[in-house]
Amino acid sequence: MQNLAGISLSALGLDDDGPFVLDSSLIGDLVRDKTLTLTSGVIVLDFNHPAFHSSEGYNAKEYEIDLVRALSSLAKQLYEEQGLLAVYVNVQPVDAGSMSEEAKERKKLVEKEVLIPFSDYELCIKNEGQSTDSSTVAQWSDMEWELQRIVARALLPSPVVGGTGTNSADLTMGLNTFFLSLSFPKVEDASPYVEEMCKDVDSMEYRVDLLSCSKDYLAQSAGNEDVKSDARFEILYQQQRLRSLCRPHAKRAPALPFGGASIIDDALPIVYTVRTAHQAGTWPDDKEGIQKMFELLELGLRSGVEVLDVESAWDASLTDKLLTKAQKRYTSLILGSHHVVGSEVTPDEAVNLFRQCRMNNRAHGGKVVLSINDDKDNKDQMAYEASLAAAKLDTPVIPNIGLVLGEHGSYSRIINPRFTPVTHECLPAKAAPGQLTAAEIMAARLLTGQIPSERYAILGHNIAYSVSPQMQGGAFAAVKLPHTYTRADVEKVEEFIEGPIWNDDNFGGCSVTIPHKQNIMPHVDVLTDAAKEIGSVNTVVVKKDKFGTRVLIGDNTDWRGIYNPLKRRLGDTPNGKTKFQKTALILGGGGTARAAAYAATKLGLEKIYFNRTPEKAEELAREFGGMVAKNLDKDSNSEGALGQYLNKTAVRFLLLSARFLLQQNFNFQTGCLQMIHYQSYSMLITSPIQRHYCFKLQKKDVMLYVGQRCCGNRELVSLSSGLEGLLLMG
């Protein structure tokens, strides 16, 4: 893949003595020794390898059956015994002649018995990559990106019911978020509208039951041989097309970490839905139809979907099987749902439906949609009120979505605070009666005072350079929030504490930079552990206690901006620990150096400090542990010289929090990190070092995490990897 380096190890080989298949124990040793990990490479099991094709002096037919058996056995062992992550790359060229008949038969033979049951995820490819024209190259780039996205999703922490932060329903289904319901029979039909739609929504709903290929899936399942296309393949492929259509316009997509220091920031989440006929959909809900529905829901998991909508009313054993698989092998969020169509329920029944949608505390969010005959007696608020009542009865609390169908239910969409389904003004028709656009809902919420305008600021002195107001203001504008974010440039922190922003009832919080990171600490009510240990605050968050009293929380997120990219770099080992001790050289002695020391400690790294003022470096060593270098002479063995320490350890990461000019022959064992200074945008580090040994942590990597605590931006998530890579190719 582009811009990535690693090992691609083929499990099948061909030499002068004939074909051979690697032993699973050998691959297991490579995995256990961390020689081969998902962040450093993949194992390729290619069922269309040259060993399957005859050539001069080589008759592939003699070996084909044995090779298929050996590869199948290896796939099973690596998946079941080694527990490796497996991606099936499913290739189906549009041109039937592009794949030999032998390859087609071989694929048909192994797909059902091997490639699907012994893989977790699936990537579908048609003609992408078969030529070098610009359009095909772009399409192949989409395939590379999709594989990266799938792996990145697989490496996310497993979602926790009631959890917050990374990969949580609280984030994906957050306040004032929207998903757009697509009702086209083919995804390509939506292409003229995608750019406009992506401006207002946080997710797209992929309505499988409305796709024409889903009808083909039912027909093929019933044995109809008139349907020639592979409907299962097409359902997966069209979802990929939806993602690729949204990529260039995904303004509100959360950041998704991938390998090394890479971030995928254009993966708009997808809600995967198979809605049944009696619940406002079209999918058959007889016994056979429900069986097929669960097959398609498993297909959603295999696609690496962000949110899987699971109706809560169906077969308990099938539901349990699906949710168990989701919990064991996948990171998708489960949205338990129930739609009442054509009849009214009582408020108590509505509350019980929300509790049902928790699916025995296995769903991460709940969605109940009711029907009413009229909007008298505030019936259009019943779903919302039931969602609040249900939230008080069970723990942990999960996001609840309460709506009412039809034109009578329009107001329910305005008062529903989280993950509201919407239409868009550019679309030719609404997906359902009563749907509103995100713009209409936000305008109504503003007019009715549901979203008060909040005031934010960056607190510091001589901060005209700061781009935080532009960044945060742009984020507010993108999500249609009425908040403001300004510079509070004051010489003394008391000027801000006594001023109008801090004392405004709608004060939402502030970022804090030099010289006020320590001075602000006495003025907050609570300090987080990070703020206490680092000894400074860079973010003030405003919360309300149970009595409605304002509580000011002082936090430090500088360390997270350092920790997350390094954690991704070290993600192939628990807590960053391997048989080789890794060391961080921290240059500087100020607040950022303290955050770097805190982050390095959290990662289990050894630490070496250097600062022009030795006392500051010694203070860091006393508080966070580590060694102090008196100079950066790497060739000297004199006491306190860096060279003395390099004889005992190898520096893996260089954390710069001030300006330093390093000698050109300054060397590292396997790599370093250049942390670009928050103010200067650049660092004096010589190009040979940068070219050969560094990966860059850009200013935005720090700022995006710092900003999200204060103003609700998507956070950069850290990589937690317990999986290695197995790539199945067909």
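Because the structure is predicted, anything quoted here is derived from the model rather than measured.
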Q | Lys/Arg cation over aromatic F419: K367, 6.0 Å, 45° cone | A | no
- prompt: Does the side chain of V307 reach to within under 4.5 Å of the side chain of I270, using non-hydrogen atoms?
  reply: no
Query raised in the report: Does the side chain of W145 come under 3.5 Å of the side chain of D266 through a donor N or O and an acceptor N or O?
Result: yes
Notebook entry, point to check: Can you tell me if R418 and N176 form a side-chain donor-acceptor pair at under 3.5 Å?
Noted result: no
Across all chains, not counting sequence neighbours, the ring pair (Phe, Tyr, Trp, His ring centres under 6.0 Å) partners of F354 are none
Original post:
With distance as the sole criterion, is a donor-acceptor pair present between the side chains of N416 and R413 under 3.5 Å?
Top reply: no
Give a yes or no on whether a salt bridge exists between D120 and R302, defined as a side-chain N under 4.0 angstrom from a carboxylate O. no
Open item on the list: What I want to check is whether the side chains of E306 and Y272 have a donor and an acceptor closer together than 3.5 Å.
Closed with: no
### Query
When you check the gap from the basic side-chain N to the acidic O, do R275 and D209 get nearer than 4.0 Å?
no
### Message
For the residue pair N506 / E454, report whether a side-chain donor-acceptor contact shorter than 3.5 Å exists.
### Response
no
Test: D505 and R550 ion pair at under 4.0 Å:
no
(message) Looking only at the side chains, is there a donor atom on one of D380 and H408 sitting less than 3.5 Å from an acceptor on the other?
(response) no
Taking K379 first and then D377, would you say they form a salt bridge - that is, a charged N and a carboxylate O separated by under 4.0 Å? no
Check the angle between the aromatic planes of Y193 and F184 and answer parallel, tilted or perpendicular using the 30° and 60° thresholds.
parallel
| Sidechain N-carboxylate O distance under 4.0 Å for R241, E234 | no
- [ ] Give a yes-or-no answer on whether the side chains of E311 and S337 include a donor-acceptor pair shorter than 3.5 Å.
- [x] no
